[in-house]
Visitor: 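Below you'll find the structure I mean.
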Amino acid sequence: MNLLNDEWIPVRQLEGSKAERITLQHLLCGDKKWELCLPRDDMELAAMQLLICITQALVTPVTSNELKNYIARPLPETDYEKAAQPYADWFQLDHPKSPFMQVHGVEAKDVTHMDKLLAGVTGATNSCFVNQAGLADGLCSGCTAVALFNQASCTPSFGGGFKAGLRGSSPITTLIQGDHLRRTIWLNVLAEDSIQQYMPWHESTRGQEPTWIAPIKSGEIKVEQIGFLRGLFWQPAYIEMQPPVTADSCSCCGIKTDFVFKSFNKAKFNFTIIGTWPHPHSPRVMTTKKDQKQEKYAAFTTAAPAWTQLSRFVVKQEIDETNAEGQQPAAVILQIRKLYGTNSHRLHLLIGGYRANKASILERCHEVFTLNHGWDHHTNVIHHMVSLGRGYRDAIYKAIYVFVQGIKDIKGAGVKLTQSTETQFYRRAEPVIENTLSRIEFTNAEPELAGMRHALKDIAQSLFRESVQPYLNDPELIRTMAVARKTLYKHLNNLEPQSEKGGDDGATEKS
Ligand SMILES: [Zn+2]
């Protein structure tokens with residue numbers, strides 16, 4: 001199966017149609033409006049990233065203007081054929097010498113079942129992580145390619161000494177969502193000028209092939225040695241699919257197929273990357289430790305939802321006297337600001353990733369945020385909104401903490417309430433934040449911000465009442481409740497605009 005010519009892309013038409021498989025040429029050169037169609041949101045995001053990376057390999061626009069043309073209209077068939085021709089050997093899943101993202105002759109004591117290639121199917125303990133039984137029994141070629149790519153670049157390693165991808169074990173991916181699949185792909189392809197800007201060694205590594213075409217030695221590898229395309233298709237393990245077996249249909253996407261992949265061999269590839277490779281689809285966070293600058297990819301490390309990190313996704317921030325932490329949005333997000341300048345469009349920001357603990361995935365997190373027109377010139381407003389949201393979270397959290405723990409000689413309720421109240425706050429605050437982002441007039445933000453403060457304050461107050469109510473038949477706790485409520489009001493008042501001038505903008509972060 002060749003990803004450049006065969007029908008492997010699982011789609012359906014936006015206007016509604018049944019699921020079908022189309023080729024990349026059909027997708028890029030046709031004028032139909034498609035969307036991806038797979039049973040899991042993470043598989044869809046992985047398929048989209050894979051399509052973006054393949055398109056990037058075939059056609060990298062020289063300038064932003066050229067890119068705008070690709071975004072605007074379908075690619076001529078002859079252009080596709082010319083662009084794909086040199087890459088026929090890169091993308092064949094069952095290539096006799098260089099199978100896609102695999103190596104030949106991997107020796108392993110035991111074969112590994114396909115469920116290890118589908119992130120989170122085994123070892124998941126979290127009930128949010130729902131997988132239908134038998135999802136990985138046997139995968140069609142398309143699902144296998146997507147799973148291979150996802151395992152290599154978006155998920156924790158296999159564990160037991162296996163390495164994770166270049167972005168670490170569970171990076172957050174941020175992409176721009178267009179109004180249909182073809183446009184989404186081009187909106188996330190970088191033009192040459194953008195690549196050179198964020199990857200200074202691009203010129204000297206331009207001709208590099210992926211590691212399954214041009215194998216590399218294990219050991220220390222400097223980031224400057226990894227070129228743009230090699231990095232996009234980095235494979236951190238040695239993997240070889242076992243020959244497929246006959247079947248009727250794919251256990252993941254359900255398509256009718258004559259054969260499926262059921263297992264693979266894997267072996268460790270021992271490498272150490274010196275530095276952080278600048279992946280164009282993910283935001284990074286910079287900190288300083290003992291005068292040493294450290295950089296890592298943003299991840300879902302707590303149960304906090306994506307909006308709490310929204311500022312990282314779109315606002316660039318250097319480390320300076322007032323900011324101990326720096327942040328670097330994904331190159332594709334920075335490029336879109338450059339592409340459309342003052343005519344900035346509404347931005348649909350696609351965010352995805354896993355919440356993981358070491359090699360085990362606890363939860364999938366996938367969301368789309370809509371940012372209203374003008375967002376790119378008012379990123380400070382987005383920064384402020386996120387700070388406010390976190391401020392209200394802190395206010396309710398601190399008040400409930402006082403109720404649970406007590407203070408000085410005042411008895412605490414001694415029950416576990418903080419976590420559940422925080423989760424409730426996140427759940428109820430999410431639509432408020434989403435609506436504000438999509439509606440806000442960035443040049444006149446205050447009315448929407450006032451509405452947001454009002455709504456979040458209401459949520460904090462009702463949550464406080466609901467959380468403490470069941471314990472108030474204990475007379476001692478009535479006093480505790482009064483003290484906790486005082487704490488709540490103190491923090492809520494600090495979040496009102498007039499007190500912001502006093503220095504406390506409620507942006508204090510709870511670790
Ligand atoms: Zn399938």
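When reading the values below, keep in mind they use all heavy atoms of this one structure, side chains included, and skip hydrogens, waters and symmetry mates. Bear in mind that the values here come from a model prediction, so they are computed numbers and not experimental data.
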Visitor: Would a distance-only check, ignoring hydrogens and angles, find a side-chain to backbone donor-acceptor pair under 3.5 Å from Trp277 to Gly231?
Guide: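 Answer holds: no.
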Visitor: Check whether any side-chain heavy atom of Leu117 sits under 4.5 Å from a side-chain heavy atom of Leu148, and report yes or no.
Guide: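 They are in contact (side-chain heavy atoms under 4.5 Å apart), so the answer is yes.
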Visitor: Mark yes when over 12 heavy atoms from residues, nucleotides or ligands other than Gln419 sit less than 6.0 Å from its CD; otherwise mark no.
Guide: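 Atom CD in Gln419 is not packed in, count stays at 12 or less.
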Visitor: Indicate yes or no: at least one non-hydrogen side-chain atom of Leu175 is less than 4.5 angstrom from one of Gln49.
Guide: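 SC-SC contact between Leu175 and Gln49 confirmed.
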Visitor: Decide, yes or no, whether a salt bridge links Arg393 with Glu422 under the criterion of side-chain N to carboxylate O below 4.0 Å.
Guide: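 Counted as a salt bridge, because a side-chain N and a carboxylate O are separated by less than 4.0 Å.
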Visitor: Is the shortest side-chain heavy-atom distance between Phe313 and Ile172 below 4.5 Å?
Guide: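 Yes, their side chains come closer than 4.5 Å.
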Visitor: Please check: side-chain N/O of Tyr198 versus main-chain N/O of Pro278, any donor-acceptor pairing under 3.5 Å?
Guide: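 Yes; judged by distance alone, with no hydrogens or angles, the pair exists.
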Visitor: Under the side-chain contact (heavy atoms from CB on, under 4.5 Å) test against Val285, which residue among Glu325, Gln317, Gln309, Gln294 passes?
Guide: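 With Val285 as partner, side-chain contact (heavy atoms from CB on, under 4.5 Å) holds for just one option, Glu325.
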Visitor: Can you check side-chain contact (heavy atoms from CB on, under 4.5 Å) on Thr302 and Thr308, steps first, answer last?
Guide: CA-CA 11 Å; Thr302 66; Thr308 58; over 6 Å; no
Visitor: Using a 4.5 Å cut-off on heavy atoms from C-beta on, say whether the side chain of Leu232 contacts that of Pro280.
Guide: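 In short, these two side chains touch, coming nearer than 4.5 Å.
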Visitor: Are there over 12 heavy-atom neighbours, none belonging to Tyr401, within less than 6.0 Å of that residue's OH?
Guide: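 No, the 6.0 Å shell around OH holds no more than 12 heavy atoms from other groups.
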Visitor: Is there a side-chain contact between Pro305 and Cys365 in this structure, where contact means two heavy atoms from C-beta onward sitting under 4.5 Å apart?
Guide: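 Not in contact.
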Visitor: As a quick check of understanding, evaluate side-chain hydrogen bond (donor to acceptor under 3.5 Å, both in side chains) for Ser194 and Lys338, giving each step before the final call.
Guide: CA-CA 9 Å; Ser194 295; Lys338 206 170 67 182; 3.2 Å; yes
Visitor: Considering all heavy atoms of both residues, which atom of Glu430 and which atom of Trp307 are nearest to each other, and what is their separation?
Guide: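 Looking at all heavy atoms of both residues, the closest pair is OE1-CD1, 3.4 Å.
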Visitor: Report the relative orientation of the aromatic rings in Phe264 and Phe158; use parallel for angles under 30°, tilted for 30 to 60°, perpendicular for over 60°.
Guide: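 Correct class here is tilted.
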Visitor: Give the minimum heavy-atom separation between Val432 and Ala455, together with the two atoms involved.
Guide: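 Closest approach of Val432 to Ala455, heavy atoms only: CG1-CB, 3.8 Å.
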Visitor: If you count every heavy atom of other residues, nucleotides or ligands that lies below 6.0 Å from Glu15 atom CD, does the total exceed 12?
Guide: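 Yes, the 6.0 Å shell around CD holds more than 12 heavy atoms from other groups.
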Visitor: Is it true that a side-chain atom of Lys411 and a backbone atom of Arg479 form a donor plus acceptor pair closer than 3.5 Å?
Guide: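 No; zero donor-acceptor contacts below 3.5 Å.
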Visitor: Can a donor-acceptor pair be found, under 3.5 Å and without considering hydrogens, that links the side chain of Glu44 to the backbone of Leu38?
Guide: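 Side chain of Glu44 to backbone of Leu38: a pair is present.
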Visitor: For the side chain of Thr184 and the backbone of Gly178, is there at least one donor-acceptor N/O pair under 3.5 Å apart?
Guide: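 Confirmed, Thr184 side chain pairs with Gly178 backbone.
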Visitor: Which atom names give the shortest non-hydrogen contact between Asp115 and Ala136, and what distance separates them?
Guide: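 That would be CA-CB, 3.4 Å.
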Visitor: Give a yes or no on whether the backbone of His348 and the side-chain of Gln177 come within a donor-acceptor separation of less than 3.5 Å.
Guide: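 Not confirmed, Gln177 side chain does not pair with His348 backbone.
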Visitor: Quick one: does any side-chain atom of Arg167 pair with a main-chain N or O of Ser153 as donor and acceptor, under 3.5 Å?
Guide: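 Pair found, side chain donor or acceptor close to backbone of Ser153.
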Visitor: Once rounded to the nearest 0.5 Å, what's the spacing between atom CZ of Arg428 and atom CZ of Phe425?
Guide: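 The CZ atom of Arg428 sits 10.5 Å away from the CZ atom of Phe425.
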Visitor: Quick one: does Gln335's side chain have a donor or acceptor within less than 3.5 Å of a partner on Ala191's backbone?
Guide: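 Checking the backbone N and O of Ala191 against the side chain of Gln335, a donor-acceptor pair under 3.5 Å is found.
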Visitor: Using 30° and 60° as the class limits, which term best fits the ring planes of Phe271 and Phe269: parallel, tilted or perpendicular?
Guide: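 Tilted, since the angle between the ring planes falls between 30° and 60°.
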Visitor: Decide if atom CD of Glu441 counts as having more than 12 heavy atoms of other residues, nucleotides or ligands within a radius under 6.0 Å.
Guide: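 Check fails, neighbour count at 12 or below.
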Visitor: Give, for atom CG of Leu45 and atom CG of Leu36, the distance between the pair rounded to the nearest 0.5 Å.
Guide: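 With rounding to 0.5 Å, CG (Leu45) is 9.5 Å from CG (Leu36).
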Visitor: Going by heavy atoms in the side chains, are Gln327 and Lys316 under 4.5 Å from each other?
Guide: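 Result no, sub-4.5 Å side-chain heavy-atom pair not found.
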Visitor: Should His279 and Thr173 be marked as a side-chain contact (heavy atoms from CB on, under 4.5 Å) after you check the CA-CA gap, both sets of side-chain angles, and the distance that decides it?
Guide: CA-CA 10 Å; His279 198 292; Thr173 297; over 6 Å; no
Visitor: Can you tell me how far apart NE2 (His202) and CG (Asp193) are? Round to the nearest 0.5 Å.
Guide: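 Between His202 NE2 and Asp193 CG, I get 10.0 Å after rounding to 0.5 Å.
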Visitor: Could you check whether atom NZ of Lys296 has more than 12 heavy atoms from other residues, nucleotides or ligands sitting under 6.0 Å from it?
Guide: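 No - once you tally the heavy atoms of other residues, nucleotides and ligands closer than 6.0 Å, there are 12 at most.
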Visitor: What's the verdict on side-chain contact (heavy atoms from CB on, under 4.5 Å) for Tyr354 and Asp42, showing C-alpha distance, side-chain angles and the deciding distance?
Guide: CA-CA 9 Å; Tyr354 299 101; Asp42 60 332; 2.6 Å; yes
Visitor: Is there side-chain contact between Lys266 and Gln151, with heavy atoms separated by less than 4.5 Å?
Guide: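 Sidechains of Gln151 and Lys266: no contact.
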Visitor: Checking Ser438 side chain against Asn435 main chain: does a donor-acceptor pair fall under 3.5 Å?
Guide: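 It does hold such a pair.
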Visitor: Go through Arg337 and Val314 one step at a time and tell me if the side-chain contact (heavy atoms from CB on, under 4.5 Å) criterion holds.
Guide: CA-CA 10 Å; Arg337 295 180 60 178; Val314 296; over 6 Å; no
Visitor: To the closest 0.5 Å, what do you measure between CD (Glu220) and CD1 (Ile273)?
Guide: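 Glu220 atom CD to Ile273 atom CD1 measures 10.0 Å (nearest 0.5 Å).
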Visitor: Return the OG1 to CG distance between Thr370 and Leu437, rounded to the nearest 0.5 Å.
Guide: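 That separation rounds to 8.5 Å.
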Visitor: Can you find a side-chain donor-acceptor pair between Tyr489 and Gln461 that sits under 3.5 Å?
Guide: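 Yes, side-chain donor-acceptor contact under 3.5 Å.
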Visitor: Can any side-chain N or O of Trp186 pair as donor or acceptor with the backbone N or O of Thr55 at less than 3.5 Å?
Guide: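 Pair absent, no side-chain N/O of Trp186 close to backbone of Thr55.
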Visitor: Taking all atoms of both residues into account, what is the closest heavy-atom pair of Ala395 and Leu492, and its distance?
Guide: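 Here Ala395 and Leu492 meet closest at CB-CD2, 4.0 Å.
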Visitor: To the nearest 0.5 Å, what is the distance between CZ (Phe464) and CZ (Arg485)?
Guide: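 Between Phe464 CZ and Arg485 CZ, I get 7.0 Å after rounding to 0.5 Å.
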Visitor: What are the two closest heavy atoms between Leu67 and Val189, and how far apart are they?
Guide: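 Residues Leu67 and Val189, closest heavy atoms: CD2-O, 3.4 Å.
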Visitor: Can you find a heavy atom in the side chain of Leu190 that is under 4.5 Å from one in the side chain of Met199?
Guide: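 Not in contact.
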